[in-house]
Amino acid sequence: MPRLRGEQGAASQATLSEERKAEVLRAYQERSSLRGLSRTFGITRKTITQWLKKLLSLPTVKETLFAAKASDVLELDEVWSFVWRRKNKRWLWTVMCRRTRQIVAFANGDHSEATCRALWERVPEAYRKCRSFSDFWKTYAAVLPEKTHRSVGKETGQTAHMERWNNTLRQRVGRFVRETLSFSKKDWWHDRVTHWFIV
């Protein structure tokens with residue numbers, strides 16, 4: 001039995017809205033602001049925010065990892081950004097597995113020992129036994145096990161993969177660009193967008 005004209009219109013509208021939604025979310029990933037998306041697509045910021053919140057219910061970093069091997073090496077580093085105002089500094093602390101190039105754990109916070117400790121607690125148990133390298137920031141030595149951790153300079157190349165990832169992060173996520181007009185207004189958004197990029 002053929003569809004009535006009204007039914008066809010409703011079905012195509014539903015399809016169009018899903019296509020439109022995917023297009024809007026792709027544009028967001030390419031660093032468009034919420035205001036810009038609202039103006040470009042004629043969709044309210046509230047609607048776009050609701051779509052993003054549904055999209056950002058992601059698996060944990062731990063759920064996406066390959067199994068650790070005894071020979072794995074971890075690289076650690078931190079990157080500066082801010083939330084709302086430049087004086088509200090936030091540091092993204094990350095741990096990368098050199099073999100898989102996966103981010104094993106991350107933490108957003110200040111540049112203190114407490115955030116470094118929170119980062120280390122998020123590292124899965126199997127990875128905590130691996131050798132690790134970081135720069136000479138004093139908190140690493142205070143938190144990481146002396147037996148397996150070494151602080152090194154950039155010239156050694158022991159943190160080269162982590163430094164390269166930091167550059168990719170700054171190129172791909174507007175919130176981490178040094179001179180930027182893109183920023184999070186709330187810590188929750190900053191954390192979710194970082195999680196989205198990593199996962």
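This structure is a prediction, so every number in the text was calculated from the model and none was measured.
What you find for Phe136 and Ser151 is that their closest heavy atoms are CE2-O, 3.5 Å. What you find for Ser38 and Ile48 is that their closest heavy atoms are N-CD1, 3.9 Å. Residues Lys89 and Arg86 come closest through the heavy atom pair CG-O, 3.5 Å. Annotation for Cys130 and Lys69: closest pair SG-O, 3.8 Å, computed over non-hydrogen atoms.
Of the possible donor and acceptor atoms, one in the side chain of Thr194 sits under 3.5 Å from a partner among the backbone N and O of His190. Without hydrogens or angle criteria, Thr49 side chain to Arg45 main chain gives a donor-acceptor distance under 3.5 Å. In this structure, Thr60 contributes its side chain and Glu63 its backbone to a donor-acceptor pair below 3.5 Å. When atom types are taken as modelled, the side chain of Thr40 and the backbone of Gly36 share a donor-acceptor pair closer than 3.5 angstrom. Asn167 contributes no side-chain N or O that, together with a main-chain N or O of Arg164, makes up a donor-acceptor pair within less than 3.5 Å. Side chain of Arg122 to main chain of Phe106: a donor-acceptor pair is present (N/O by atom type, distance under 3.5 Å, no hydrogens or angles). Gln102 places a side-chain N or O within donor-acceptor distance of the main-chain N or O of Thr64, the cut-off being under 3.5 Å. At distances below 3.5 Å, not a single donor-acceptor pair connects side-chain atoms of Arg131 with backbone N or O atoms of Leu74. Counting only distance, with no hydrogens or angles, the side chain of Asp72 and the backbone of Cys97 share no donor-acceptor pair below 3.5 Å.
With contacts defined as side-chain heavy-atom distances shorter than 4.5 Å, the pair Glu113/Val143 qualifies. By the 4.5 Å heavy-atom criterion applied to side chains, Arg170 and Val79 are counted as neighbours. Ser134 has its side chain within reach of His149: a pair of non-hydrogen atoms, C-beta onward, lies under 4.5 Å apart. Side-chain contact between Asp77 and Asp135 is present, with heavy atoms from C-beta onward closer than 4.5 Å. Leu119 is listed as a side-chain neighbour of Leu76, based on a closest heavy-atom distance under 4.5 Å. At a threshold of 4.5 Å between non-hydrogen side-chain atoms, the residues Asn88 and Arg85 count as touching. A 4.5 Å side-chain heavy-atom check between Arg20 and Ile43 finds at least one atom pair inside the cut-off. Residues Trp189 and Val83 are not in side-chain contact: their nearest non-hydrogen atoms beyond the backbone lie 4.5 Å or more apart.
Cluster annotation: Phe133 and Trp120 are assigned to distinct hydrophobic clusters (Ile/Leu/Val/Met/Phe/Trp/Tyr, side-chain heavy-atom contacts under 4.5 Å, transitive). One hydrophobic cluster, built from ILVMFWY side chains closer than 4.5 Å, cannot hold both Trp137 and Val152; they sit in different ones. Leu34 and Trp196 end up in the same hydrophobic cluster when Ile, Leu, Val, Met, Phe, Trp and Tyr side chains are linked at under 4.5 Å. Two different hydrophobic clusters hold Val73 and Ile103 under the rule that ILVMFWY side chains link at heavy-atom gaps under 4.5 Å. Residue Val199 is grouped with residue Val173 when hydrophobic side chains (ILVMFWY) are merged at heavy-atom distances under 4.5 angstrom, including chains of intermediate members.
To the nearest 0.5 Å, atom CE of residue Met96 and atom CD1 of residue Ile198 are 9.5 Å apart. To the nearest 0.5 Å, atom CH2 of residue Trp80 and atom CG of residue Leu92 are 13.0 Å apart. The CZ atom of Phe197 lies 6.5 Å from the OG1 atom of Thr168; values are rounded to the nearest 0.5 Å. Interatomic distance, NE2 of His161 versus CZ of Arg101, reported as 3.5 Å (0.5 Å rounding). Atom OG1 of Thr100 and atom CG of Leu65 lie 7.0 Å apart (nearest 0.5 Å). In this structure, Glu78 CD and Trp93 CH2 are separated by 5.0 Å, a value rounded to the nearest 0.5 Å.
Under the 3.5 Å distance criterion, with hydrogens and angles disregarded, a donor-acceptor pair is assigned to the side chains of Arg98 and Gln158. Inspection of the Tyr28 and Glu23 side chains reveals no N or O donor paired with an N or O acceptor under 3.5 Å.
Checked options Asp187, Asp191, Asp110, Asn108; the residue passing with Arg90 is Asp187 (criterion: side chain to side chain donor-acceptor pair (under 3.5 Å)).
Relative orientation of the Trp91 and His111 rings is parallel, given thresholds of 30° and 60° on the angle between their planes.
Look at Arg117 and Glu121 and you find no salt bridge, because none of the NZ, NE, NH1 or NH2 atoms lies under 4.0 Å from a carboxylate O.
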